[in-house]
Amino acid sequence: MANVISDETIEYVGILAKLELSDDEKEKAKADMGKMLDYIDKLNELDTSNVEPMSHVFPVNNVFREDVVTNGDDRENILKNAPEERDGAFVVPKTFD
């Protein structure tokens with residue numbers, strides 16, 4: 001483990017994360033952070049010069065559909081479902097005076 005995390009670093013991270021860590025938790029966090037940094041160092045050893053940068057793991061396509069009106073102005077059929085209708089609109093109870 002080449003990356004050794006200091007006690008001050010763990011204290012600082014705990015303050016930033018608003019965590020109160022016990023001594024055992026601090027030691028475990030130091031070991032875990034060291035392992036993470038070692039893994040990042042290992043990934044940095046890879047030759048990525050011929051790899052195209054990407055923002056997503058999967059290809060991103062436009063997920064929006066065309067905005068096409070499919071039901072149009074079918075006011076008569078829609079108002080058939082209304083319990084009460086007046087002047088081509090639903091009549092609903094007042095919500096406030």
Side-chain angles (χ1 to χ4, degrees):
M1 185 161 99
N3 292 295
V4 178
I5 307 299
S6 69
D7 291 334
E8 292 81 22
T9 302
I10 291 297
E11 289 288 334
Y12 183 65
V13 170
I15 291 168
L16 290 176
K18 298 184 189 291
L19 296 174
E20 292 183 22
L21 301 173
S22 68
D23 290 339
D24 291 338
E25 291 171 327
K26 288 177 186 176
E27 289 302 316
K28 176 128 177 58
K30 280 172 53 174
D32 289 346
M33 287 177 75
K35 288 178 187 175
M36 286 185 263
L37 292 174
D38 288 341
Y39 187 70
I40 291 170
D41 288 343
K42 188 169 189 80
L43 289 176
N44 284 333
E45 294 173 6
L46 295 172
D47 178 21
T48 58
S49 57
N50 293 326
V51 178
E52 183 178 335
M54 61 182 173
S55 60
H56 299 286
V57 177
F58 300 107
V60 178
N61 299 319
N62 185 0
V63 295
F64 298 110
R65 63 174 170 74
E66 287 293 320
D67 191 15
V68 178
V69 176
T70 56
N71 59 356
D73 186 21
D74 198 10
R75 186 177 297 233
E76 269 184 37
N77 284 330
I78 293 171
L79 289 174
K80 286 180 185 176
N81 293 319
E84 189 178 346
E85 174 261 328
R86 185 175 349 145
D87 300 326
F90 283 87
V91 176
V92 296
K94 286 184 178 182
T95 55
F96 59 90
D97 289 318

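Every pair passing salt bridge (charged side-chain N to carboxylate O under 4.0 Å, His left out) that includes a residue from residues 11-24 is listed here, sequence neighbours excluded: Glu11-Lys26. Residue pairs meeting the salt bridge (charged side-chain N to carboxylate O under 4.0 Å, His left out) criterion with at least one member in residues 78-93, sequence neighbours excluded, do not occur.
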Is there a side-chain contact (heavy atoms from CB on, under 4.5 Å) between Asp7 and Glu27 once you walk through the steps? CA-CA 9 Å; Asp7 291 334; Glu27 289 302 316; 4.2 Å; yes
Set out, in order, the CA-CA distance, both residues' side-chain angles and the distance that settles side-chain contact (heavy atoms from CB on, under 4.5 Å) for Met33 and Ile10, then state yes or no. CA-CA 9 Å; Met33 287 177 75; Ile10 291 297; 3.4 Å; yes
For the pair Thr9 and Lys30, evaluate side-chain contact (heavy atoms from CB on, under 4.5 Å) and give the outcome as yes or no after the intermediate values. CA-CA 9 Å; Thr9 302; Lys30 280 172 53 174; over 6 Å; no
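With sequence neighbours left out, the side chain to side chain donor-acceptor pair (under 3.5 Å) criterion links Thr95 to no other residue. Partners of Leu43 under the side chain to side chain contact (heavy atoms under 4.5 Å, CB included) rule, at least two apart in sequence or in another chain, are Tyr39, Leu46.
Exactly one of Asp32, Val4, Ile5 qualifies for a side chain to side chain contact (heavy atoms under 4.5 Å, CB included) with Leu37. That residue is Ile5.
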Check: residues 52-59 side-chain donor-acceptor pairs under 3.5 Å, at least two apart:
none

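Leu16 belongs to a hydrophobic cluster with Tyr12, counting contacts under 4.5 Å between side-chain heavy atoms of Ile, Leu, Val, Met, Phe, Trp and Tyr, direct or through other members.
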